Amino acid sequence: VVLKEDTKLLDEIVVIGYGISKKSDITGAVASVKGDVLAKQPVGDVGTALQGRIAGVSITSQSGSPGATPTIRIRGIGTVNDSEPLYVVDGMPVSNISYLNPNDITSLEVLKDASASAIYGSRGANGVILITTKTGEVGKTIVNFNGYYGVQTAINNLNLLSGPEWYDFQMKINETRTSPIDLSKVDRNVSTDWIDEITRTAAVQNYYVDMSGGQGGLTYTASAGYFSQEGTIQGTDYERLSLRLNAANKINNIFTIGTNLSASLSTRHTILEGDEAFSIMSTALKMEPVVPVKQDDGSWGYSSYADIYNPVAAIEYTNTKRKSLDLVGSIYGLANIAKGLSFKTSFGVDIRRMDDYDFIPKYDVSPSQKTAESTVSRGNINYLNWLWENILTYDWQINDKNRLNLLGGITAQKYTNEKLGGSGRNFFSEVENYWYLDRSSSDTRGLENNGKHEAMMSYLFRANYALTDRYLLT
């Protein structure tokens, strides 16, 4: 076996903090994934598409419901309170990347170690994920479209006891119990597969169209995408509409201006998860198969032996959803002052609004699973992050094998986050048109409000020197 040097890989250009570099000139731990690799995955989240793609990056799902954001850890847990990496999209730090359409990505870089992420200071303590979105090229206009439609179903389900099997098994156990259970309360011939009752064959679909091109000094790309996914457990789904516009205009040999804009609108319906006693999946596993979903008279079936919620009824009475609006964008100006010397100034904003809706009607399933009055909860989270950056860069190609890169800058950033929530009970009508706080009894209403404000100014500097294409200093 003869190994040959891959010179193309060494000369590959990758994105690093506040700039680009040849892979052969990087001293830190940087991994790169091309956007077309991520776009091939039939998922709606960039983090999920990244699973298994980069060594040292752990991506785990805390929930299997559609729209759930996975947990990303770079080289383990780095800090005690918050181990989330820093996300930077087209130079703009953002709070999360769930709003992104994987089809919009050109490349994704992960800065793993202190050397690679030092340019971001303490914010990069848990690693940095840099995402670059698509840009246009001068030439004819190109229009692309792709889409898919598929179905998802739960597999490898547990082989649980049928009704007669459970009944006969309990009869055997009764022979050794000091206090046998009364099996006359149930019908041996009833056999409910509770996992089958709460699951379904779920549809997933994705459609994406983009247009790119350029003429003269102007280049652009515009895209629109729609993603929709039903959960394999009933009562869960997620849909997202995303729009993006990237444009740049080279005014002359010195000045270039541009913008990167994106908008995303999503809606997610959820059910109770993570509660060992009352979550939908937990109760479906524990409920006796001799209990029917509904009795002959139309009332809900319930356990005669334990306080186990009817999972089908729990889904029926769950009305929880979150609507999210994400607006992320930046404008920039670039000036090539002299040979190798350039100055870039940019201003970006990350605006997010999340609206939470929850309505619980009055119901009576069992002595333990019931509510005395209907309840509504409403809340919203408003998030604003703006960033102003001024970066001066000097590239000196000394000769074919010696290069020097100097970068310095100053940035200012402000972050605000405000939460407002309220609840009310006892509605005279449970029709959806009345699911508002002012329709509840005035003496049951509650309100809470809190917020957070932070500001930061940073100074940064970096020097990279390549000596004879062999020795590298950062």
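Hydrogens, waters and symmetry mates are skipped; everything else that's a heavy atom, side chains included, is used. From a predicted model like this one, the values you see are computed outputs, not experimental measurements.
Using modelled atom types, one side-chain atom of R240 and one backbone atom of G44 make a donor-acceptor pair closer than 3.5 Å. When atom types are taken as modelled, the side chain of N206 and the backbone of S228 share no donor-acceptor pair closer than 3.5 angstrom. Formation of a donor-acceptor pair under 3.5 Å by the Q397 side chain with backbone atoms of N399 is found in this model. Here the side chain of S61 pairs no donor or acceptor atom with the backbone of S63 at under 3.5 angstrom. N390 places no side-chain N or O within donor-acceptor distance of the main-chain N or O of T345, the cut-off being under 3.5 Å. Counting only distance, with no hydrogens or angles, the side chain of K112 and the backbone of A55 share a donor-acceptor pair below 3.5 Å. Although no hydrogens or angles enter the test, the distance criterion places a donor-acceptor pair under 3.5 Å between the side chain of T283 and the main chain of I280. The main-chain N or O of E430 is found under 3.5 Å from a side-chain atom of W435 such that the two form a donor-acceptor pair. Counting only distance, with no hydrogens or angles, the side chain of S117 and the backbone of G124 share a donor-acceptor pair below 3.5 Å.
In this structure, a donor-acceptor pair under 3.5 Å is absent between the side chains of T135 and N246. At a cut-off of 3.5 Å, with distance as the only test, no side-chain donor of Y415 or Q413 sits close to an acceptor on the other residue. Between S32 and E109, the side chains place a donor N or O and an acceptor N or O closer than 3.5 Å (distance only, hydrogens not considered). In the model, Y434 has no side-chain atom that pairs as donor or acceptor with a side-chain atom of S374 under 3.5 Å. For the residue pair R352 and S95, a side-chain donor N or O sits within less than 3.5 Å of a side-chain acceptor on the partner. Checking D90 against T133 by side-chain atom types alone, a donor-acceptor pair falls below 3.5 Å. Under 3.5 Å, the side chains of Y383 and E418 contain no donor-acceptor pair of N or O atoms.
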- Report the C-alpha separation of S324 and R268 in whole Å, then their side-chain angles, then the decisive distance to 0.1 Å, and conclude whether the side chain to side chain donor-acceptor pair (under 3.5 Å) test is met. CA-CA 9 Å; S324 300; R268 183 184 179 212; over 6 Å; no
- Task: For E137 and T219, run side chain to side chain donor-acceptor pair (under 3.5 Å): C-alpha distance rounded to whole Å, both residues' side-chain angles, the deciding distance at 0.1 Å, then the answer.
- Result: CA-CA 6 Å; E137 297 180 357; T219 58; over 6 Å; no
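A centroid separation of 6.0 Å or more is found between the aromatic rings of Y208 and F227.
Enclosure of atom CG in D438 by more than 12 non-hydrogen atoms of other residues, nucleotides or ligands within 6.0 angstrom is indicated. Counting heavy-atom neighbours within 6.0 Å of K134 NZ, excluding the residue itself, gives a total above 12. Other residues, nucleotides and ligands contribute only 12 or fewer heavy atoms inside 6.0 Å of the OH atom of Y436. For Y148, the OH atom sits in a packed shell: over 12 heavy atoms of surrounding residues, nucleotides or ligands are nearer than 6.0 Å. Applying the 6.0 Å contact sphere to OH of Y459 captures no more than 12 heavy atoms from other residues, nucleotides or ligands. Heavy atoms from other residues, nucleotides or ligands lying under 6.0 Å from CG of N253 number 12 at most.
With sequence neighbours left out, Y18 forms a side chain to side chain donor-acceptor pair (under 3.5 Å) with E389. Not counting sequence neighbours, the partners of D104 by the salt bridge (Lys or Arg N to Asp or Glu O under 4.0 Å) test are R244. Not counting sequence neighbours, Y332 has no partner by the ring-ring contact (aromatic ring centres under 6.0 Å, His included) test.
Here the closest non-hydrogen pair linking S58 and T60 is OG-CG2, 4.0 Å. G91 and P93 get closest at one heavy-atom pair: O-CD, 3.5 Å.
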Sequence neighbours left out, cut at 3.5 Å: what donor-acceptor pairs do the side chains of residues 229-238 make with other protein atoms?
| from | atom 1 | to | atom 2 | distance (Å) |
| --- | --- | --- | --- | --- |
| Q229 | NE2 | Q152 | OE1 | 3.0 |
| E230 | OE1 | A203 | N | 3.2 |
| Q234 | NE2 | E197 | O | 3.0 |
| T236 | OG1 | I233 | O | 2.7 |
| D237 | OD1 | H269 | ND1 | 2.9 |

Which donor-acceptor pairs under 3.5 Å do the side chains of residues 209-218 make with protein atoms, sequence neighbours left out?
| from | atom 1 | to | atom 2 | distance (Å) |
| --- | --- | --- | --- | --- |
| D210 | OD1 | N144 | N | 3.4 |
| D210 | OD1 | N144 | ND2 | 3.4 |

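Contact check for V88 versus Y120: side-chain heavy atoms found under the 4.5 Å cut-off. Between K250 and F255 the shortest side-chain heavy-atom distance does not fall below 4.5 Å.
Ring geometry, Y309 versus F278: the interplanar angle falls from 30° to 60°, so the pair is classed tilted.
Every pair passing salt bridge (charged side-chain N to carboxylate O under 4.0 Å, His left out) that includes a residue from residues 57-77 is listed here, sequence neighbours excluded: R73-E84.
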